[in-house]
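These notes concern the structure reproduced below.
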Amino acid sequence: MKGANLNQFANFVEITLMIIIDSPSHNAHFNIASEEYLLKRFPEDDILLFYINAPSIIIGKFQNTLAEINLDYVNSNDIKVVRRLSGGGAVYHDLGNLNFSFHTKASDKDFSDFETFTNPVVKLLNKLDVPAKLEGRNDLLVDGKKFSGNAKTIKLKKMIQHGTILINSDMSVLADALKVNPLKFIDKAVKSNRARVVNLIEYLPSHTTTESFKKLFIEEITTSNDKIELYTFDKADIVAIEKLVVEKYGTWDWNFGSSPDYNFKKANKFSAGFVEVHLEVHKGLIQKAKIFGDFFASNQIEELENQLLGLKHDQESLNKLFTSIDIKSYFGNVTVEEILNVFN
């Protein structure tokens, strides 16, 4: 192992006290909500929160959710989709991915500085003979491949910087869950940069798990700094966080409806003919709809276009509409599933 000075590890940030919290939940809605909750729960303290999510996609605050995910794959594989408070790109989480979140007073730190809070990760990995380093603005790389992306935001006079550490994530699911047709959406939302990624298990001992790496991370900090307090969420904390999930982080309005305005375009060929859909969407709601094609139908397509206005651009709302009407009267011999596919 490389001889990194562990005394430096304790000094990565000037603190009087740091509270370390290990989330008891693998629910992405709960864990992302807990980041906001902690801003009010500990307004004066520095915090390091760890959490591990079951399969989920975490969307940047300024992103168009539907343009970042493979919706069919996400729905069929029960992958949660959650919008976070910070900007940046979409990331995939699963049980092979450790997430860390630093909270500190905004006035104490330079917002553009990502090095301070990624340095502990780099130093720990260097100690384990992993040649990790910070490259660019906010990515941690090893041998030119990304294993950690980091983002930050300021809210309630505190700064949150959070990041991921790929230990042994399922890369095939990551690729499929974030695979989306870029031609379907025209918008000004922040787009994710699909960098080459790598699991640290390729560099760490084969028996390393996300839990064991998290334990090592916490041990390194606590043994090198006596100004650490370990905190466990109590019942009141959990109730408050779950309330925030119900009111915000588990809602369609936050996770999908908060997307920037976008234009949606998609076309498919069916036995009944060619169908092309154009939508203008504002706050997740369809504002304009135009349907083109060479299909034959008994009803005027303008009737369906009008029924789409004000509807959520999501599968549940569209399915409810399409199953409540005679879809064949608008498109000919098609199924609801076929038409749903061209709208998503």
Side-chain angles (χ1 to χ4, degrees), residues 4-6 8-15 18-21 31-32 34-36 38-39 45-53 58-63 68 83-93 97-128 130-167 169 190-200 203 213-214 217-218 220-221 224-225:
N5 183 353
L6 286 182
Q8 292 179 316
F9 196 82
N11 298 321
F12 64 87
V13 60
E14 295 177 5
I15 57 174
M18 174 166 281
I19 298 172
I20 296 180
I21 303 171
N31 287 325
I32 301 301
S34 69
E35 292 193 305
E36 179 172 339
L38 288 170
L39 296 174
D45 296 301
D46 289 336
I47 294 170
L48 172 53
L49 169 69
F50 288 98
Y51 57 90
I52 300 170
N53 288 328
I58 313 302
I59 301 292
K61 183 179 180 180
F62 308 111
Q63 292 193 293
E68 294 294 329
R83 186 183 301 278
R84 63 178 183 266
L85 286 173
S86 63
V91 291
Y92 173 72
H93 289 178
N97 186 346
L98 176 63
N99 306 284
F100 59 94
S101 180
F102 287 102
H103 298 204
T104 190
K105 290 182 180 179
S107 58
D108 292 344
K109 298 297 164 202
D110 176 4
F111 187 75
S112 63
D113 170 28
F114 278 88
E115 185 175 6
T116 296
F117 292 112
T118 55
N119 212 25
V121 182
V122 171
K123 287 186 175 180
L124 175 58
L125 287 170
N126 290 168
K127 177 177 179 289
L128 297 172
V130 179
K133 57 182 176 179
L134 174 67
E135 289 195 11
R137 182 182 57 170
N138 59 335
D139 293 336
L140 298 182
L141 278 64
V142 57
D143 291 339
K145 292 171 284 188
K146 178 178 174 179
F147 67 87
S148 175
N150 294 266
K152 62 172 58 181
T153 189
I154 292 178
K155 187 178 178 67
L156 299 180
K157 298 182 180 181
K158 292 196 78 176
M159 185 181 74
I160 297 176
Q161 180 174 320
H162 41 202
T164 64
I165 303 176
L166 290 170
I167 304 295
S169 187
V190 178
K191 301 300 187 295
S192 296
N193 177 22
R194 305 296 184 220
R196 285 196 307 158
V197 295
V198 65
N199 276 315
L200 289 178
Y203 297 86
F213 187 84
K214 177 178 64 176
F217 198 161
I218 294 174
E220 292 290 4
I221 296 176
S224 56
N225 193 333

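The structure displayed is predicted, hence computed values, not measured ones.
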Do you know which two heavy atoms are closest between Ile52 and Lys214, and how far apart they sit?
CD1-NZ, 4.0 Å
Between Ile21 and Ile19, is there a side-chain heavy-atom distance shorter than 4.5 Å?
yes
Just by distance, do the side chain of Thr104 and the backbone of Met159 share a donor-acceptor pair under 3.5 Å?
no
Kindly write out the residues that satisfy ring-ring contact (aromatic ring centres under 6.0 Å, His included) with Phe50, not counting sequence neighbours, or none if the list is empty.
Phe217
Tell me if a side-chain donor or acceptor on Lys152 pairs with a main-chain N or O of Gly87 at a distance below 3.5 Å.
no
Side-chain contact test, heavy atoms from C-beta onward, threshold under 4.5 Å: evaluate it for Phe100 versus Leu48 and give yes or no.
yes
Do the side chain of Asn138 and the main chain of Ala151 share a donor and acceptor less than 3.5 angstrom apart?
no
Between Glu220 and Lys127, does any NZ, NE, NH1 or NH2 come within less than 4.0 Å of an OD or OE carboxylate oxygen?
yes
Kindly say whether Lys61 contributes a backbone atom to a donor-acceptor pair with the side chain of Arg83 at under 3.5 angstrom?
yes
Mind checking ring-ring contact (aromatic ring centres under 6.0 Å, His included) for Phe114 and listing every partner two or more places apart, or none if nothing turns up?
none
Minimum heavy-atom distance Gly163-Asn150, with the two atoms named
CA-OD1, 3.3 Å
Residue among Val122, Leu125, Asp143 satisfying side-chain contact (heavy atoms from CB on, under 4.5 Å) with Val130
Leu125
Test Ile165 against Phe213 for side chain to side chain contact (heavy atoms under 4.5 Å, CB included), laying out the working first.
CA-CA 10 Å; Ile165 303 176; Phe213 187 84; 3.9 Å; yes
Just checking, is any N or O donor in the side chain of Asn99 or His93 under 3.5 Å from an acceptor N or O on the other one?
yes
All heavy atoms of Ser86 vs all of His162, minimum pair found to be OG-NE2, 2.6 Å
Donor-acceptor check, side chain of Asn97 to backbone of Ile167, threshold 3.5 angstrom: yes or no?
no
So, do Pro131 and Lys133 sit near enough that their side-chain heavy atoms are less than 4.5 Å apart?
no
Got a donor-acceptor contact below 3.5 angstrom from the Glu68 side chain to the Gln63 backbone?
no
Report the residues that fulfil side-chain contact (heavy atoms from CB on, under 4.5 Å) with Leu134, sequence neighbours left out, ordered by chain and then residue number.
Glu115, Thr118, Leu140
With respect to Leu166, which candidate in Leu98, Val197, Leu200, Val91 satisfies the side-chain contact (heavy atoms from CB on, under 4.5 Å) definition?
Val197
Do you see a donor-acceptor pair shorter than 3.5 Å between the side chains of Ser34 and Asn31?
no
